[in-house]
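Working notes, beginning with the structure itself.
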Amino acid sequence: ALGPRVLPLSELLAFAANAVARKVLGAKRVPAYVPDFSTAFEHVCVHTGGRGVLDTIEAALPGMGARALEPSRASLYRYGNVSSSSIWYVLAYIETYRGLMRGDRVWQLAFGSGFKCNSAVWVANRRVRGDRHAAWAGFDVGRMRDDLAASAAPNAALAASQPSGQLLPGGLASQPSAAALAAQAH
């Protein structure tokens with residue numbers, strides 16, 4: 001298990017207290033505690049398996065908000081889903097636009113077919129600051145942010161119109177019916 005090896009004591013204690021409360025009071029009465037892994041890592045390097053994958057990670061892991069996943073979204077935006085090689089584009093984005101300090105920890109998450117998941121922790125051996133990686137030459141971060149924000153607005157409105165407001169298995173939002181789409185078009 002990765003958590004005990006990387007999480008700070010405060011997160012480990014919160015997780016343990018929640019486990020005891022769930023045992024004593026019942027799992028139905030006490031929601032499960034999901035540790036905030038952003039307290040353990042300076043950067044997150046997520047395989048760009050698609051927008052649904054990134055949205056699910058952002059929703060399921062506290063602290064993994066838009067800023068933490070921006071390198072993965074940028075890689076998906078620029079290169080699409082290029083399978084496992086996307087990790088290298090994500091890391092190059094982090095090096096180019098954020099930099100790494102010696103000792104920074106990078107959490108790599110990669111997913112395969114079915115329920116396959118790989119997690120690794122990288123530690124920066126040296127400082128990397130302002131090195132422009134060729135993969136990101138000429139990339140306009142501001143334009144990407146504007147484009148992603150513009151595409152998120154209609155999706156948020158569509159999700160809000162769903163009667164259940166729940167996610168399907170796998171964390172993907174339910175698809176609207178043809179009637180709902182027709183109603184929105186008018």
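Just so it is clear, the values below take in all heavy atoms, side chains as well, and ignore hydrogens, waters and symmetry mates.
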query = Do R105 and W122 touch side chain to side chain, with heavy atoms closer than 4.5 Å?
reply = no
N-O pairing of R98 and E70 below 4.0 Å = yes
note = dist L2:CG -> L109:CG (nearest 0.5 Å) comes out at 8.5 Å
S86 side chain to T48 backbone, donor-acceptor under 3.5 Å = yes
ask   = Atom CD in E95, atom NE2 in H43: separation rounded to 0.5 Å?
value = 9.5 Å
query = Is the side chain of Q108 donor-acceptor paired with the backbone N or O of V121 at a distance under 3.5 Å, no angle test?
reply = no
inquiry  = I'd like to know if the side chain of Y97 reaches the main chain of V141, judged simply by a donor and an acceptor atom lying under 3.5 Å from each other, with no hydrogens or angles considered.
reply    = no
Heavy-atom check, side chain of W107 versus side chain of C45, under 4.5 Å = no
inquiry  = Using the ring-ring contact (aromatic ring centres under 6.0 Å, His included) definition, which of the options Y89, Y93, W88 pairs with W136?
reply    = Y93
message = I'd like to know if V44 and L76 are part of one continuous hydrophobic network [Ile/Leu/Val/Met/Phe/Trp/Tyr, side-chain heavy atoms within less than 4.5 Å].
response = yes
ask   = Should M144 and L54 be counted in the same cluster of Ile, Leu, Val, Met, Phe, Trp and Tyr side chains packed under 4.5 Å apart?
value = no
message = When you measure from the side chain of S72 to the backbone of V46, do you find a donor-acceptor pair of N or O atoms at a distance under 3.5 Å?
response = yes
ask   = Would you say V90 and Y77 are hydrophobically clustered, going by side-chain heavy atoms of ILVMFWY under 4.5 Å?
value = no
ask   = Between F37 and L69, is there a shared hydrophobic cluster once you connect ILVMFWY residues whose side-chain heavy atoms come closer than 4.5 Å?
value = yes
request  = Please check if the side chain of N18 supplies one atom and the backbone of A32 the other of a donor-acceptor pair under 3.5 Å.
outcome  = no
remark   = Smallest heavy-atom separation, L12 atom then G3 atom, equals CD2-O, 3.9 Å
task = State plainly whether the residues R145 and D140 are in salt-bridge range, i.e. N to O under 4.0 Å.
result = no
query = In Å, rounded to the nearest 0.5 Å, how long is the span from CG of L148 to CZ of R143?
reply = 11.0 Å
ask   = Is the backbone N or O of M101 less than 3.5 Å from a side-chain atom of R127, with the two atoms forming a donor-acceptor pair by type?
value = no
query = Is T96 reaching over with its side chain to a backbone N or O of H133, donor-acceptor style, under 3.5 angstrom?
reply = yes
ask   = Which is it for R73 and D55 under the salt bridge (charged side-chain N to carboxylate O under 4.0 Å, His left out) test, yes or no, and what are the steps along the way?
value = CA-CA 10 Å; R73 292 192 190 280; D55 290 346; 2.8 Å; yes
key: ILVMFWY network linking V34 to V6, side-chain heavy atoms under 4.5 angstrom   = yes
task = Flag the pair E58 and R67 as a salt bridge only when some basic side-chain nitrogen lies within less than 4.0 angstrom of an acidic carboxylate oxygen.
result = no
request  = Return the minimal non-hydrogen interatomic distance between S151 and R51, and the atom names on each side.
outcome  = OG-NH1, 3.7 Å
query = Any side-chain heavy atom of K116 within less than 4.5 Å of one from F111?
reply = no
task = Please check if the side chain of N81 supplies one atom and the backbone of G49 the other of a donor-acceptor pair under 3.5 Å.
result = yes
Test item: V123 and V106 side chains (from C-beta on) under 4.5 Å apart, heavy atoms = no
